[in-house]
There are 2 protein chains.
Amino acid sequence: MTSASSGPPAGPPRLGRQPSTSQAELSHIALQLFIEHGFDATTIDDIAARAGIGRRTFFRYFPSKNDLPWGDFDSLLDRMRDHLHSLPAGLSLVEALRAAVIEFNRFPQEEVPYHRQRMDLLLNVPTLVAHSTLRYASWRQVVAEYAGQRLGVPEDSLQPQAIAWTYLAVSLAAYEQWLKNDDADLIALLDSAFELLDTTFDPRHDGP
Amino acid sequence: MTSASSGPPAGPPRLGRQPSTSQAELSHIALQLFIEHGFDATTIDDIAARAGIGRRTFFRYFPSKNDLPWGDFDSLLDRMRDHLHSLPAGLSLVEALRAAVIEFNRFPQEEVPYHRQRMDLLLNVPTLVAHSTLRYASWRQVVAEYAGQRLGVPEDSLQPQAIAWTYLAVSLAAYEQWLKNDDADLIALLDSAFELLDTTFDPRHDGP
DNA sequence: GATACTAATGACACCGAGTGCCGAATGGAA
DNA sequence: TTCCATTCGGCACTCGGTGTCATTAGTATC
């Protein structure tokens, strides 16, 4: 629904009328409006008008207003899935996941401010906070798949699911800190969050 | 909004017109309808009609349709907060949290089927899955408060937040398993989920 | 018992998100 | 030019949620 990395697939030479806009463009326009006037104060009509399309047409590009800030998330997921499976077999499961999750959240310097604004919306606007849960589910699915495979157990059993949930949890905790501090480094925060996971639940470490 | 354990406060003798229903009653009626016809197929009008109140009146008892299955969650949170602070100081932080979370999810035998149906909706109906995130935030807040206190750091700093997120994550993983299996024991599942947390992130344990 | 006050109710109108339907517009292919 | 595929956009509708306000049902006061 949100996937398909752009660029013509070069297969069938394109039939029928051309689309008058794109997911990426709408997402971009909407993000601007959200930042300018707030998420709730921005209506679909506003976005459609700004994009020069009809309201009805908007819903052919995005299934809901809530999906706008996510843009094309599915292709990011594909990248993470690939990355996971390309990791050296020498890594333990937790090492592999840690590496992949950190890699997943690495963005080119110039995209960082953009990414920050998106995440600011996603983690602070209640409607979006709620809706994002559904996207996180796909993310967890990728992690659980890999964990299940590595552990040799069904991906929907307790351990892979718990692991997937936990990595999501830790990532979100790191993101929250990142957003609270203008010049914080996301990667460093993720790293120390994963570190905490080890020390906090290390049975040798018995207090406080 | 959803708090206040029932029973007349016995203070001022009650003034003005009597409420014609209650949160608990509406929640109960709604749950029945949700199970019978599905969440999405049940409209507010259906619920209001069944309860014999006007549509407008419904929204004076619940802020949204999504809040119906939660009933009075805030008073449960109060209980957990109290329970946490009444735990013996000898327990380590992780031990205390583990105990409190498990206690939080212990229900009287006769309420279990009811609780199961509620959780089934909350974890399977997309709208509710999304909305529930907002309730989980309050739950995490309780955990983070306690953790921050125990660790002597601000409750909104990385470690308490990561811990709160993690306990939520593990609990949800256990709940998912519980719902998948008609005769599973929630407490046992929670317990082994927490166990997994220890073993998975135990630095001594280096594979697979 | 009449009156004043308080609080809950419910009707009405309104908004915005999202959907089904269908004819019109726009492109490539034959 | 004709045919066909695909997108567009208008219209009407449903549903969740909110603001407003008169009405109803109680309690307290005189």
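This structure is a prediction, so every number in the text was calculated from the model and none was measured. Letters go in sequence order (proteins before strands), and every chain restarts at 1.
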Can you confirm whether or not the ring centre of B:Y114 sits under 6.0 Å from the ring centre of B:F107?
no

Indicate, with a heavy-atom threshold strictly under 4.0 Å, whether A:T42 touches base, sugar-phosphate, or nothing.
sugar-phosphate

Nucleotide D:dG10, atom P - distance to CZ of A:R60 in whole Å:
11 Å

What does the list of N/O pairs under 3.5 Å between the protein and nucleotides 23-27 of chain C look like, with a distance for each?
unit_1, atom_1, unit_2, atom_2, d
C:dA25, N3, A:R17, NH1, 3.3

Expressed as a whole number of angstroms, how long is the span from B:L68:CG to D:dG16:P?
11 Å

Counting only non-hydrogen atoms, which of residues 43-58 of chain A are less than 4.0 Å from DNA chain C?
A:T43, A:I44, A:R55, A:R56

Partner residues of B:N66 under the side-chain hydrogen bond (donor to acceptor under 3.5 Å, both in side chains) criterion, sequence neighbours left out:
none

Ring centres under 6.0 Å, that's the criterion: do B:F34 and B:F39 meet it?
yes

Verify whether one side chain among A:E155 and A:Q141 offers a donor that lies under 3.5 Å from an acceptor in the other.
yes

So, B:T21 versus B:E25: side-chain donor-acceptor pair below 3.5 Å or not?
yes

Report yes or no: is the cationic atom of A:R140 (NZ for Lys, CZ for Arg) under 6.0 Å from the centre of the six-membered ring of A:W165, at an angle within 45° of the ring normal?
yes

For B:R79, is the CZ atom crowded, meaning more than 12 foreign heavy atoms sit under 6.0 Å from it?
no

Roughly how many Å is it from CZ in B:F59 to C1' in C:dC14, rounded to a whole number?
14 Å

Does D:dT7 have its OP1 or OP2 closer than 4.0 Å to a side-chain nitrogen or oxygen of A:Y61?
no

What is the separation between atom CG on A:D40 and atom C1' on C:dG16, rounded to the nearest whole Å?
11 Å

Over how many whole Å does the gap from A:N66 atom CG to C:dA17 atom C1' extend?
9 Å

Side-chain H-bond candidate by donor/acceptor type, B:D78 with B:S75, under 3.5 Å:
no

Does A:H85 have its ring centroid less than 6.0 Å away from the ring centroid of A:Y146?
yes

Has A:S64 got a side-chain N or O lying under 4.0 Å from the OP1 or OP2 atom of C:dA17?
no

